Structures are given as C-alpha cells and as structure tokens.
Amino acid sequence: MPELPEVETIARTLRGELGAPPLLGRQISSVHVLWAREVAHPEPDVFTQRAAGSTVTGIRRHGKYLLIELQAATPMVMAIHLKMSGRLDMVSAREAFTPHARVVWSLDDGSALRFEDARKFGRVWLLDRPSALLAPLGPDALTVEAEVFVQRLRSRRTRLKTLLLDQTFIAGVGNIYADEAAHRAGIHPCRKTASLTDSEVVRLHQAVQAVLCEGIAANGASFDWVYPGGHYQENFWVYGRAGQPCRKCGAPIMRTVLAQRSTYYCPTCQPLDR
DNA sequence: GGGCATGTTAGCAC
DNA sequence: TGTGCTAACATGCC
C-alpha cells in the first residue's frame with residue numbers, strides 16, 4: 001500500500017486521530033520478531049530486549065518512513081518502512097500471529113501492534129536517532145516549499161517521472177502519486193527536467209501536494225489484495241486506467257514503462273513536445 | 001506458467 | 001560525478 005498518503009494515514013490512525021484505539025501512550029510489554037533473518041535491525045535479540053518496557057511517546061513520518069518515538073532509560077526511535085506489501089494494524093493479542101506477521105509488539109493493555117508483510121521487503125529499525133537513516137532523503141513531499149522544490153529540480157537532469165520517484169529529491173512520492181501529479185500538472189512524465197518552464201515547475205509542485213492531500217483526505221488508496229481502508233483509487237485520473245477515456249479530455253489513457261515502472265498518462269493533456 | 005505488483009538498492013556502463 | 005539500466009529481494013494474485 002505505501003506511499004506518503006498511506007503512511008500518513010497509518011500515523012494518524014496510530015495516534016488515535018481516526019477513531020481507533022491509539023498506539024500513542026501504550027507501553028510495549030514484549031516484542032516478537034517472526035522473520036529473524038532480515039526484517040529487524042539490529043538483530044532480533046537486541047531489538048526485542050531494547051524495545052520491551054518502553055512507552056510510545058510520539059508517532060511521526062518522513063516520506064514513506066513511519067517514526068515511532070519510544071521513551072525508556074534512553075529515548076529511541078523505531079523506524080518502519082513498509083516497502084511494497086507491508087501493513088501495520090492494532091489488533092487483539094489473539095489476532096496478532098497471522099501467517100504473514102513479521103513483527104508483533106505486545107502492549108500493556110492486551111492489544112498488539114502487528115507488522116504483516118507478505119513479500120518480506122519491509123524493514124524495522126530501532127535507533128537512538130533516525131538521522132543517519134533519513135539523511136539520504138530529500139525534504140518531505142507534503143511540506144516542501146515551492147522555492148526549495150524549484151531549486152532542487154533545477155539541479156537535476158533526468159525525466160520528470162524518474163525525478164518524482166527519487167526519494168533523494170523529495171521523499172514520499174511513489175508510482176501512483178507520481179503519475180497522478182504529472183497528469184494534474186499537465187506535463188508528460190517523459191519530459192526532461194531541463195525542458196520544464198518555471199511556470200510548469202511551480203504547477204508541478206502544486207500538483208504533487210494537491211494529489212498527496214487528496215490521498216490523505218481519502219485515507220489513502222487501496223486496491224488488490226494488499227491494503228483495505230482507503231478509497232482514493234476511486235479518484236484516480238490516470239493510474240491503472242490504460243485504454244479508458246481521460247476524465248478531462250476523453251482521449252484514451254496510455255501506458256508505457258519508465259524508470260522500470262508502469263506509467264500512465266494522457267497524450268492530449270500531457271503532450272511530449274512543446 | 002507468465003506477467004504483474006503502491007519500493008529500494010547494488011553493480012555496472014557511459 | 002551524475003545518470004540510467006538491469007537484476008535482485010520474496011511472494012501472491014490474475
């Protein structure tokens with residue numbers, strides 16, 4: 001599921017802002033690492049021992065990373081990246097140990113936080129501070145200022161779609177929101193950054209933040225078997241709509257492959273030459 | 001069985 | 001040094 005709006009929705013859920021019982025304020029009584037080979041850093045013994053007994057004092061997000069602040073003898077941060085198929089859910093202790101559960105945090109009220117990940121790409125880290133982990137990332141896509149966005153874009157020479165997916169440019173945009181933002185801005189995803197006019201770059205910045213905000217307002221997008229909950233998929237203008245009419249101009253949406261990812265665009269609303 | 005998948009990264013070529 | 005391409009990670013769905 002996880003691009004910025006989906007991770008933001010999880011953060012809000014775990015803070016208790018969407019009505020569900022919060023993780024915020026709970027104490028972790030024990031940790032169970034169920035896929036020992038890779039999922040947790042540091043190694044499971046150290047991870048479980050250090051996290052047990054700590055209390056959740058904050059839940060933040062940068063790009064696609066969820067950051068859970070823990071208070072113990074020394075403060076720590078648990079960073080979680082869901083990659084392609086990870087999910088995080090508050091469940092009862094009884095429901096916690098499902099076939100794809102990779103890490104389970106048992107909590108002081110008898111509930112549990114469960115990290116499920118069918119494809120095993122997701123990772124969790126327990127850190128004194130997350131600065132080294134986050135250092136390569138660009139500013140968060142939701143809050144990056146227009147001037148910073150323009151300045152960073154002007155220092156890159158690549159195609160628009162490649163740039164939007166590059167987490168060192170801005171952090172949080174993935175394949176869906178990249179295509180939706182490019183369509184909203186009326187810019188072909190294959191355009192070279194150097195060819196973009198100043199007004200196009202400003203439009204792109206606004207489009208990125210608009211589609212991310214809409215995604216958050218819809219509690220994210222969900223489709224196929226991975227993630228239930230959000231409904232932004234009902235509002236896609238291009239993603240996954242190859243052959244269907246553009247909701248703006250009626251021309252059939254095209255699919256191509258760019259930066260090794262499926263890329264959807266409207267050939268009329270997003271002309272390549274200008 | 002083949003193709004596809006909301007993500008990232010190492011290795012290599014230019 | 002920056003950019004781009006491929007393969008790899010591991011699994012499930014259609």
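In this text, all values refer to a predicted model and were calculated from it rather than measured experimentally. Each chain gets a letter, A, B and so on, in the order the sequences are listed, and its residues count up from 1.
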- Is the shortest heavy-atom distance from the side chain of A:Tyr65 to the side chain of A:Leu133 under 4.5 Å?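 Counting from C-beta outward, A:Tyr65 and A:Leu133 do come under 4.5 Å.
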Nearest-Å distance, [atom1] ([X]) to [atom2] ([N])?
| X | N | atom1 | atom2 | answer |
| --- | --- | --- | --- | --- |
| A:Gln233 | B:dT6 | CD | C1' | 11 Å |
| A:Asp166 | C:dG4 | CG | P | 10 Å |
| A:Leu137 | B:dG7 | CG | P | 14 Å |
| A:Met84 | B:dG7 | CE | P | 6 Å |
| A:Arg119 | C:dT11 | CZ | P | 11 Å |
| A:Arg261 | B:dA5 | CZ | P | 8 Å |
| A:Arg255 | B:dT6 | CZ | P | 9 Å |
| A:Lys192 | C:dT3 | NZ | C1' | 10 Å |

Assess the side chains of [X] and [Y]: does a donor N or O sit below 3.5 Å from an acceptor N or O?
| X | Y | value |
| --- | --- | --- |
| A:Ser54 | A:Gln27 | no |
| A:Ser106 | A:His32 | yes |
| A:Arg61 | A:Thr9 | no |

For [N], does either OP1 or OP2 sit under 4.0 Å from a side-chain N or O belonging to [X]?
| X | N | answer |
| --- | --- | --- |
| A:Lys120 | C:dT11 | yes |
| A:Arg123 | B:dT8 | no |
| A:Ser222 | B:dT6 | no |
| A:His81 | B:dG7 | no |
| A:His100 | C:dA10 | no |

As a test of reading the structure: which of [options] is closest to the side chain of [X], going by heavy atoms?
| X | options | result |
| --- | --- | --- |
| A:Asn175 | C:dA10, C:dA7, B:dG7 | B:dG7 |
| A:Thr158 | C:dT11, B:dG7, C:dT3 | C:dT3 |
| A:Gln167 | C:dA10, B:dC4, B:dT8 | B:dT8 |
| A:Thr162 | C:dA10, C:dG4, B:dG7 | C:dG4 |
| A:Arg157 | C:dT3, C:dA10, B:dG7 | C:dT3 |
| A:Arg37 | B:dT8, C:dA10, B:dT6 | C:dA10 |
| A:Arg159 | C:dC5, C:dT6, C:dA10 | C:dC5 |
| A:Lys83 | C:dG12, B:dT8, B:dC4 | B:dT8 |

- Item | Any-strand Watson-Crick or G-U partner of C:dA10, both distances under 3.5 Å |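 C:dA10 is paired with nothing.
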- Could you check which nucleotide pairs with B:dT6 in any of the strands shown, counting Watson-Crick or G-U wobble with both distances under 3.5 Å? none
- Message: I'd like to check, for A:Phe121, whether its ring lies over the base of C:dA10 with centroids under 5.5 Å apart and a plane angle smaller than 30°.
- Response: no
Need one value for [X]: base, sugar-phosphate or nothing, where a base atom within 4.0 Å counts as base even if backbone is also close, heavy atoms only.
| X | value |
| --- | --- |
| A:Arg102 | nothing |
| A:Glu38 | nothing |
| A:Tyr239 | sugar-phosphate |

- Task: Establish whether A:Tyr264 and A:Leu165 are linked, either directly or via other cluster members, by ILVMFWY side-chain heavy-atom contacts under 4.5 Å.
- Result: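 No, separate clusters.
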- Item | CZ/A:Arg129: more than 12 non-hydrogen atoms of other groups inside 6.0 Å | no
- Task: In whole angstrom, give me the gap between the C1' atoms of B:dT6 and C:dG4.
- Result: 23 Å
- Task: Say whether, by atom type as modelled, one donor and one acceptor occur between the side chain of A:Gln244 and the main chain of A:Ile253 under 3.5 angstrom.
- Result: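 Not confirmed, A:Gln244 side chain does not pair with A:Ile253 backbone.
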